[in-house]
Amino acid sequence: MPETASTNALAAPTPPEWAVRQRSDGCRAELLLDQAHLEKKAAAGATTFLFRVPYEATWQRGLSTLAREELVHYERTLRLLQRRDLTFAPQRQTGYAAGLKDGIGKDMPLRLVDELLVAAIIEARSCERMGLLAREFADVDRELADFYADLVEAEARHEELYRDIAVALTDAATVAERWQALTRHEASVLGALPWAPRLHSGVG
Ligand SMILES: [Fe+2]
Ligand SMILES: [Fe+2]
């Protein structure tokens, strides 16, 4: 179907300037700390879905693999922090994830579909921005550029799995409709956030 490519897209692509502003040592350190928190949350989110989606072997295996991959990303990020003498510590919330939750429908079973699609949107946004950072850091920090480039491939697969489960729980038309509403909501959440050295900050 001709609309397939656009139905998978985010509502507001990130301008390259967002990544250009992240080049300093301080920003890169903050982004790495953010990444550790994000990977840990991603692993926890995937594990929670294991208990919420039906006993379908393909989904259970897929989500289990996904959760393990996020933990591998988490450990890799922790190693990078340590190698750079950066301390893994609490970090202020950006408001991105909380803002996305406000767009989720309240009633089951569509609530679960929305939650899976929000997980897919977070993967898609992370994937897009890590791609920008990989390109932007290539000349200033090769190690970090390679790190982000490696993660991009996995996060794209994660987006696909969450979307596939959402489609299986309802149908493609419902998912397309909810994707449109939720990606528009995500764009407005990001639009209201200030720029910061965080993966899910605003562009302003
Ligand atoms: Fe990850
Ligand atoms: Fe992921």
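Because the structure is predicted, anything quoted here is derived from the model rather than measured. Residue numbers run from 1 in the order of the sequence given. Just follow the structure's listing: the first ligand is 1, and inside any ligand the first atom is 1. Reckoned from all heavy atoms, side chains included, excluding hydrogens, waters and symmetry mates.
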| field | salt bridge (charged side-chain N to carboxylate O under 4.0 Å, His left out) partner of R157, chosen from E155, E160, E153, E159 | value | E153
| field | E69 near the Fe ion (ligand 2): N/O/S under 2.8 Å | value | no
| Quick check: does E39 put an N/O/S atom under 2.8 Å from the Fe ion (ligand 2)? | no
| remark: In this structure, CG of L116 is separated from CH2 of W59 (nearest 0.5 Å) by 9.0 Å
| query | So Y96 and H200, would you call those rings parallel, tilted or perpendicular, with 30° and 60° as cut-offs? | reply |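 Aromatic pair Y96/H200 classed parallel.
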| field | Contact check: H73 to the Fe ion (ligand 1), N/O/S below 2.8 Å | value |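 A backbone or side-chain N, O or S atom of H73 is under 2.8 Å from the Fe ion (ligand 1).
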| said: Restricting to N, O or S, what is the name of the atom of E155 that lies nearest the Fe ion (ligand 1)? | reply: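 When I compare the N, O and S atoms of E155, OE2 is nearest to the Fe ion (ligand 1).
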| field | Proximal heteroatom of E70 relative to the Fe ion (ligand 1) (N/O/S) | value | OE1
| said: Quick check: F49 with Y162 (ring centres under 6.0 Å apart)? | reply: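 Between Y162 and F49, the centre distance is under 6.0 Å.
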| Does CD in Q91 sit with more than 12 non-hydrogen atoms of other residues, nucleotides or ligands closer than 6.0 Å? | yes
| Where the Fe ion (ligand 2) is the corner point, what angle links OE2 of E123 with ND1 of H158, to 10°? |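 OE2 of E123, the Fe ion (ligand 2) and ND1 of H158 span an angle of about 100°.
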